[in-house]
Visitor: 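Can you read through this structure? Questions will come right after.
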Protein chains: 2
Amino acid sequence: MTRSSGTEDPIRVAVSTVILTLRRDGALQGPAGPSPRIALPLVRRTRDPYQGSWALPGGWLDAEEGLTAAAARTLGETTGLAPSYLEQLYAFGAVDRSPSRVISVIYWALLREEEAAAAVGSDPENVAWFDAAHLPELAFDHARIIEYALWRLRNKAGYSRVAQGFLPPEFTLADLREAYETILGRKLDPANFRRQVDATRTLVPTNAFRTGSHRPARLYRDAADVELADRGPLSPEETSTAETRTS
Amino acid sequence: MTRSSGTEDPIRVAVSTVILTLRRDGALQGPAGPSPRIALPLVRRTRDPYQGSWALPGGWLDAEEGLTAAAARTLGETTGLAPSYLEQLYAFGAVDRSPSRVISVIYWALLREEEAAAAVGSDPENVAWFDAAHLPELAFDHARIIEYALWRLRNKAGYSRVAQGFLPPEFTLADLREAYETILGRKLDPANFRRQVDATRTLVPTNAFRTGSHRPARLYRDAADVELADRGPLSPEETSTAETRTS
DNA sequence: CCAAAAGTGTTAACCCTACACCCATGG
DNA sequence: CCATGGGTGTAGGGTTAACACTTTTGG
């Protein structure tokens, strides 16, 4: 087996994150509507290559920083928030994906709806939120990356509780159903949805109700001791959920 | 957003592969048996760190080489074979996983049973095949990586046709069932298995039969136009199946 | 009282599983 | 003819999807 020493490699490692949340207001680029839409923040590139284009938030991996920590750091710099869910998506490393040789380890994250609406990162000038269905021209292969992140979200929503990553700690079943409907792109039967979620035993009912329109709806909280979904082969320091649950 | 220039980074990128196949002979380290077992090749490290320990086959990423190409290259160097299935597993990048800073992009691959039995790589001296259930002490975090690869295999066997990656182009339903049983670790009902696989419409029956014991069993071929499983967000040059189907 | 969302009940279709049974071959 | 794996049939249980129905609020 031949191994080059590696010391002369000009290969650099970047970490970027597809940050997803739900938005129902019209404060994002693209057509507004009454039902929520999947939204994500992009940063405008201030240097070549692709100067002026929109790109995923990210940065170079620091020498003394783990991959997940780098994703969480750039996420905080961009939005000022900690995610409710964070998982590695894929490592992209085609030779021609950038003028210089860059390996991009991509993460995807979910933010709670309300927090995201008020969030301000460290450089709000060059950050804007876009409707995931109406994205602008993107730098590098980021358009394909976002497509894959959305596919992963849809897929994982089918067999896990990831959709709760979009919701505040207390929510109604209608909130949760609406999140699923937005992700999956189709309406769900309220009666069957209710039965399916409480068959999983992962929601605990509270004694509070949301009032204001028609019959009040009971608020639920997620069972704190259960992960929203399998996040992959995490190292010990990554398995704690406490850090990602605090804002 | 702060971005270091990255040019002073001592971070290096390695690509390794968890190569899996089925073996029924006793020619591998660990207890032999009549039913096949999952086997994988490991290489003995000839230098520090972990000199003398067993490790996953791999090497440094070349500057002008894509990630998938690097995985296929080291796979060929180790076994002399092209895989029937190759997919990225995960990028491992904890700071303390190696004395120097190394990002390891791990792939997992399936080899056909018969091909693997006769395979000889470019350095057979330092390569040995092990029963996946009885592995030796491994270098770095490779034990955990292999665990995750086996989990991914079991998982993917539940909803895709990956198990066919273990089989030659023509096989009986009993062959296929046995592969699934080995992966999943439990017996499957032959009658129900038959119905489930031909409900997927991905197997084409041939007019040949395998004789030699009891009633002859019909040989099947896989529908060539269907991928064994979703391999992720592949770039155009990676989507061709031709290269991975030839030995 | 009416509209509309919250929540419960019911039923038919579907799928999965277990297992009985017949078929074809080697010994 | 017998043992054994190949292959087919079928009945029961569980899950899903569709939709009728009752409950509770705001207006």
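Residue numbers start from 1 in every chain, and the chains themselves are labelled A, B, ... in the order their sequence lines are given, proteins ahead of strands.
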Visitor: What integer distance in Å separates A:Leu219:CG from C:dA6:P?
Guide: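 Spelled out: CG on A:Leu219 to P on C:dA6 is 12 Å.
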Visitor: For DNA chain C, which residues of residues 176-197 of chain B approach it to below 4.0 angstrom with any heavy atom?
Guide: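 Those residues whose heavy atoms fall under 4.0 Å from DNA chain C, taken from residues 176-197 of chain B in numerical order, are B:Asp189, B:Ala191, B:Asn192, B:Arg195, B:Gln196.
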Visitor: Please tabulate, one pair per line, each protein N/O and nucleotide N/O from nucleotides 23-27 of chain C that are separated by under 3.5 Å, including the distance.
Guide:
from: C:dC23; atom 1: O2; to: B:Arg215; atom 2: NH1; distance (Å): 2.9

Visitor: Could you tell me whether a side-chain N or O of B:Arg37 sits under 3.5 Å from a main-chain N or O of B:Asp131, the two making a donor and an acceptor?
Guide: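 Checked: no pair found.
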Visitor: Kindly say whether A:Gly165 contributes a backbone atom to a donor-acceptor pair with the side chain of A:Ser84 at under 3.5 angstrom?
Guide: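 Answer holds: yes.
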Visitor: What pairs with A:Ala217 under side chain to side chain contact (heavy atoms under 4.5 Å, CB included), at least two apart in sequence or on another chain?
Guide: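 Counting only residues at least two positions away or on another chain, A:Ala217 forms a side chain to side chain contact (heavy atoms under 4.5 Å, CB included) with A:Thr172.
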Visitor: For B:Arg152, what residues pass the salt bridge (Lys or Arg N to Asp or Glu O under 4.0 Å) criterion, not counting sequence neighbours?
Guide: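 Counting only residues at least two positions away or on another chain, B:Arg152 forms a salt bridge (Lys or Arg N to Asp or Glu O under 4.0 Å) with B:Glu87.
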Visitor: Side chains of A:Leu56 and A:Thr17: closer than 4.5 Å at any heavy-atom pair?
Guide: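 A:Leu56 does not reach A:Thr17 side chain to side chain.
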Visitor: Can you list the residues that meet the side chain to side chain contact (heavy atoms under 4.5 Å, CB included) rule with A:Arg194, with sequence neighbours excluded?
Guide: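 Applying side chain to side chain contact (heavy atoms under 4.5 Å, CB included) to A:Arg194 gives A:Leu173, A:Asp198, A:Tyr220.
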Visitor: For a 4.5 angstrom cut-off between non-hydrogen side-chain atoms, does A:Glu113 reach A:Arg24?
Guide: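 With C-beta onward as the side chain, the pair touches.
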Visitor: Is there a donor-acceptor pair closer than 3.5 Å between any side-chain N or O of A:Glu238 and the backbone N or O of A:Ser235?
Guide: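 Judged by distance alone, yes, a pair lies under 3.5 Å.
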Visitor: Would A:Tyr85 and A:Trp108 count as a close aromatic pair, with their ring centres under 6.0 Å?
Guide: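 Ring centres of A:Trp108 and A:Tyr85 closer than 6.0 Å.
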Visitor: Grab the OH-P distance between A:Tyr220 and C:dA6 for me, whole Å please.
Guide: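 Rounding to the nearest Å, OH of A:Tyr220 and P of C:dA6 are 11 Å apart.
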Visitor: Strictly below 4.0 Å, heavy-atom distances to any atom of DNA chain D: list the hits from residues 167-174 of chain B, or just say none.
Guide: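 Those residues whose heavy atoms fall under 4.0 Å from DNA chain D, taken from residues 167-174 of chain B in numerical order, are B:Ala174.
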Visitor: Look at B:Asp230 together with B:Lys156 and state whether they make a salt bridge at an N to O cut-off of under 4.0 Å.
Guide: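 No.
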